[in-house]
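One structure below.
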4 protein chains.
Amino acid sequence: MRVFGRRGYRAASMEEIAELAGVSKPLVYLYLHSKEDLFTACLRREAAALMAAVRAGAGGPGKGGVPVDEGLWAALMAFFTHTTGNPDGWALLHRQARTHGEPFAAEAATLRTELTDHVTSLITRASTGPLTPREATALSHALVGAAESLADWANSTPAATPEEAARTLLHLTRPALSSPRTRRR
Amino acid sequence: MRVFGRRGYRAASMEEIAELAGVSKPLVYLYLHSKEDLFTACLRREAAALMAAVRAGAGGPGKGGVPVDEGLWAALMAFFTHTTGNPDGWALLHRQARTHGEPFAAEAATLRTELTDHVTSLITRASTGPLTPREATALSHALVGAAESLADWANSTPAATPEEAARTLLHLTRPALSSPRTRRR
Amino acid sequence: MRVFGRRGYRAASMEEIAELAGVSKPLVYLYLHSKEDLFTACLRREAAALMAAVRAGAGGPGKGGVPVDEGLWAALMAFFTHTTGNPDGWALLHRQARTHGEPFAAEAATLRTELTDHVTSLITRASTGPLTPREATALSHALVGAAESLADWANSTPAATPEEAARTLLHLTRPALSSPRTRRR
Amino acid sequence: MRVFGRRGYRAASMEEIAELAGVSKPLVYLYLHSKEDLFTACLRREAAALMAAVRAGAGGPGKGGVPVDEGLWAALMAFFTHTTGNPDGWALLHRQARTHGEPFAAEAATLRTELTDHVTSLITRASTGPLTPREATALSHALVGAAESLADWANSTPAATPEEAARTLLHLTRPALSSPRTRRR
DNA sequence: TATGAATGAGAGTTCATTCAT
DNA sequence: GATGAATGAACTCTCATTCAT
């Protein structure tokens with residue numbers, strides 16, 4: 001994952017991967033079959049970890065009773081905490097997966113759909129006005145993009161914390177999506 | 001640019017590039033020296049074109065007196081119009097450049113800094129409350145990320161228009177950024 | 001033997017051989033030392049089995065008094081019966097052994113010499129005219145080649161029997177080899 | 001062709017082939033695309049050369065007026081002359097092609113079918129008695145096998161000439177197929 | 001100005017073979 | 001007596017790059 005995240009799929013060599021893992025190339029092939037399989041395995045593991053973190057932080061949609069804002073805040077904190085603590089994995093998901101064609105792009109698209117769906121549901125509940133499904137989807141993409149960009153920013157800015165990233169995003173969006181005073185639940 | 005944008009830096013072959021250009025490989029080397037130089041040249045040209053489009057749309061620094069919203073709207077329209085009309089170039093800048101390490105990442109970072117600086121100045125003028133420089137920078141990253149994500153969304157969604165992308169982004173941000181009295185429509 | 005006969009020496013993998021044998025690879029090495037040794041062992045076993053079958057069929061050197069034609073017929077029947085009943089072994093001896101260079105070619109040559117010597121003695125006794133040793137040897141090679149080819153033909157032709165192969169070969173050769181007075185049936 | 005004929009398909013390395021040809025490996029790939037293509041090309045060239053030699057020697061089936069025996073003799077001379085003068089090509093066709101599975105076996109089978117068909121037509125005309133098609137086919141296989149074996153014998157026996165091989169084969173078969181005195185045409 | 005022809009270097013992958021247990 | 005786990009070496013194939021013309 002580290003080698004893929006830093007060098008990219010094509011530029012990463014199985015040699016270097018094996019070396020970093022402290023094993024021989026044939027062993028890597030014994031367990032992971034091919035470069036493609038290996039990359040896919042990395043992708044899936046990172047995607048699952050990220051989604052798990054976000055869901056755990058945000059509470060599933062069924063977890064009622066939590067104020068919307070608190071849910072959003074927790075989801076964002078979980079997201080940024082995870083990406084900040086795992087920059088190589090984040091690079092893998094956000095950059096490498098989407099850049100190297102099929103079948104990886106499909107894998108990345110799956111994750112992104114999960115993320116935007118998650119966000120769409122939060123948005124729909126939080127919006128101050130009515131939203132068509134298409135508007136909600138577009139807004140989700142904008143929000144997820146902003147979060148992704150802030151994750152990169154946090155990873156490359158000294159002393160940037162997950163809190164700061166989450167606060168920034170809320171600062172940007174809260175007025176549009178909800179006002180703490182007027183909307184609860 | 002087309003080949004790089006579609007295949008990625010590593011997967012693009014000089015063979016295919018020369019063929020698409022209708023010349024021989026040695027000619028490509030004669031004028032552009034190496035794959036790396038060629039990619040860098042593509043990057044720079046695309047970055048310059050995008051920045052020029054955005055600046056022209058938003059009004060240069062000298063173009064004072066334009067209402068903030070109109071400036072933002074025009075900048076967004078210029079951005080989305082450019083990315084929508086030039087998807088390969090956009091893929092080059094947004095994905096390939098940042099994915100394949102140095103020296104390309106530096107090139108991409110330069111463009112991004114120009115963009116966020118530009119946006120920072122707009123934000124600072126538009127904000128409803130006082131912002132520290134760091135807050136402004138972080139917000140810019142969030143905004144630019146949202147715009148990038150919407151550009152991808154527009155490029156992959158049928159019937160999505162630059163207007164729709166720009167409207168979405170304004171919908172998300174205007175309350176936070178513009179003063180109540182400038183809100184219209 | 002099965003794996004070697006079907007895949008060829010190079011394409012056969014020790015993995016597959018061990019698997020088919022129902023043991024682990026190290027065990028194969030424990031008993032048979034190397035791929036080369038293993039192949040040689042297969043070769044020798046098959047060669048011995050074929051020669052034994054032919055000798056038993058033809059009557060050993062001690063079994064005098066048998067009419068020449070009967071001896072030839074029995075030898076051919078034994079040969080075709082063995083190759084037809086053991087196609088993998090036959091492929092091993094006839095094709096693989098001679099195709100993969102030293103030291104296997106030598107092993108195959110040994111078998112072939114035994115066969116042609118055997119045939120030479122039969123021919124010498126059966127010839128209608130006087131033969132120099134060299135003529136006899138050349139004739140043996142021709143005969144053995146015809147038999148080998150018919151063995152392949154029988155193995156790849158539906159409903160072909162050892163009898164049919166033997167009959168074909170006798171049809172071709174009897175006039176040249178047997179004396180008019182011994183012709184029967 | 002030389003490397004394939006001596007080492008076998010699998011054991012031949014593109015490295016060695018290129019070296020023997022006095023060029024670099026990539027050049028071989030530039031012109032011949034893959035090991036499989038290269039081998040197939042060798043096969044086809046050798047097969048075509050052999051068939052051309054035999055047909056030229058024997059005269060096509062339409063070339064009437066030539067005594068059958070003379071046609072047979074010429075065909076055999078052409079065959080043995082070709083195989084004797086081109087032992088690597090002969091090894092390629094007779095051994096390697098048939099030993100290394102598809103798609104090469106099919107190529108070899110094509111050649112063999114051409115040869116046996118050719119021989120079948122000669123046999124049918126030359127036979128002293130009536131033959132069913134199946135008998136003729138089986139006899140062809142026997143004859144071709146004998147010829148193949150004699151070709152190997154001639155290639156590995158000092159001072160063996162094409163004449164000697166052809167004479168041997170005729171000696172073996174003439175009585176069964178035709179008597180010079182009783183059959184002409 | 002332009003290119004046909006050629007290659008050095010390195011990629012992913014496989015496999016006979018061997019420890020440590 | 002038997003094997004799970006591991007690897008050195010070699011293979012086919014690709015590609016950025018450069019002469020000679």
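Source: prediction; values computed, not measured. Numbered from 1 within each chain, the chains take letters A, B, ... in sequence-line order.
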ask   = Between atom CG in C:L38 and atom C1' in E:dT17, what is the gap in whole Å?
value = 13 Å
task = For B:A11, answer base if it contacts any base atom (sugar-phosphate contacts may also be present), sugar-phosphate if it contacts only those atoms, and nothing otherwise; contact means non-hydrogen atoms under 4.0 Å.
result = nothing
remark   = To the nearest angstrom, the OH-P distance between D:Y29 and F:dC11 comes to 11 Å
ask   = How long is the line joining CZ of D:R10 and P of E:dT14, in whole Å?
value = 11 Å
request  = Could you say whether D:E36 or C:P26 is positioned toward the 5' end of DNA chain F, judged by the nucleotide with the nearest heavy atom to each?
outcome  = C:P26
note = Contacts of C:Y9 and D:S24 projected onto DNA chain E by closest heavy atom; the upstream (5') one is D:S24
key: Donor-acceptor contact below 3.5 Å, side chain C:K35 vs main chain C:Y9   = yes
task = Would you tell me whether A:R10 and A:T99 have side-chain atoms, one donor and one acceptor, within less than 3.5 Å of each other?
result = no
query = Which part of the nucleic acid does A:A12 contact within heavy-atom distance under 4.0 Å: base, sugar-phosphate only, or nothing?
reply = sugar-phosphate
request  = Kindly indicate, with the supporting measurements, whether the criterion side-chain hydrogen bond (donor to acceptor under 3.5 Å, both in side chains) is fulfilled by C:S149 and D:R112.
outcome  = CA-CA 11 Å; C:S149 184; D:R112 231 202 180 226; 3.0 Å; yes
key: Whole angstrom value for the distance that separates C1' of F:dA10 from CZ of D:R7   = 14 Å
task = Could you check how far CD of D:E16 sits from C1' of F:dT12, rounded to whole Å?
result = 15 Å
ask   = Can you find a heavy atom in the side chain of D:W90 that is under 4.5 Å from one in the side chain of D:D152?
value = yes
ask   = For D:D37 and F:dT14, what is the distance between atoms CG and P respectively, to the nearest whole Å?
value = 11 Å
task = Would you mind reading off the distance between C:E19 atom CD and F:dT3 atom P, rounded to a whole angstrom?
result = 13 Å
message = For E:dT21, give the paired nucleotide (Watson-Crick: N1-N3 plus N6-O4 or O6-N4; G-U: N1-O2 and O6-N3; both under 3.5 Å), or none.
response = F:dA2
request  = Report yes or no: does C:E102 contribute a side-chain atom to a donor-acceptor pair with the main-chain N or O of C:A106 at less than 3.5 Å?
outcome  = yes
inquiry  = Would you say A:Y31 places a side-chain N or O within less than 4.0 Å of OP1 or OP2 belonging to F:dA6?
reply    = yes
message = Reading DNA chain F from 5' onward, which residue's closest nucleotide shows up sooner: A:L27 or D:E15?
response = A:L27
query = Which residue, B:L30 or A:K35, contacts DNA chain E at a nucleotide closer to its 5' end, judged by nearest heavy atom?
reply = B:L30
request  = Calculate the interatomic distance between A:M14 atom CE and F:dG8 atom P; express it in whole Å.
outcome  = 16 Å
request  = Indicate, yes or no, whether a donor-acceptor pair under 3.5 Å links the base of E:dT3 to the side chain of B:K25.
outcome  = no
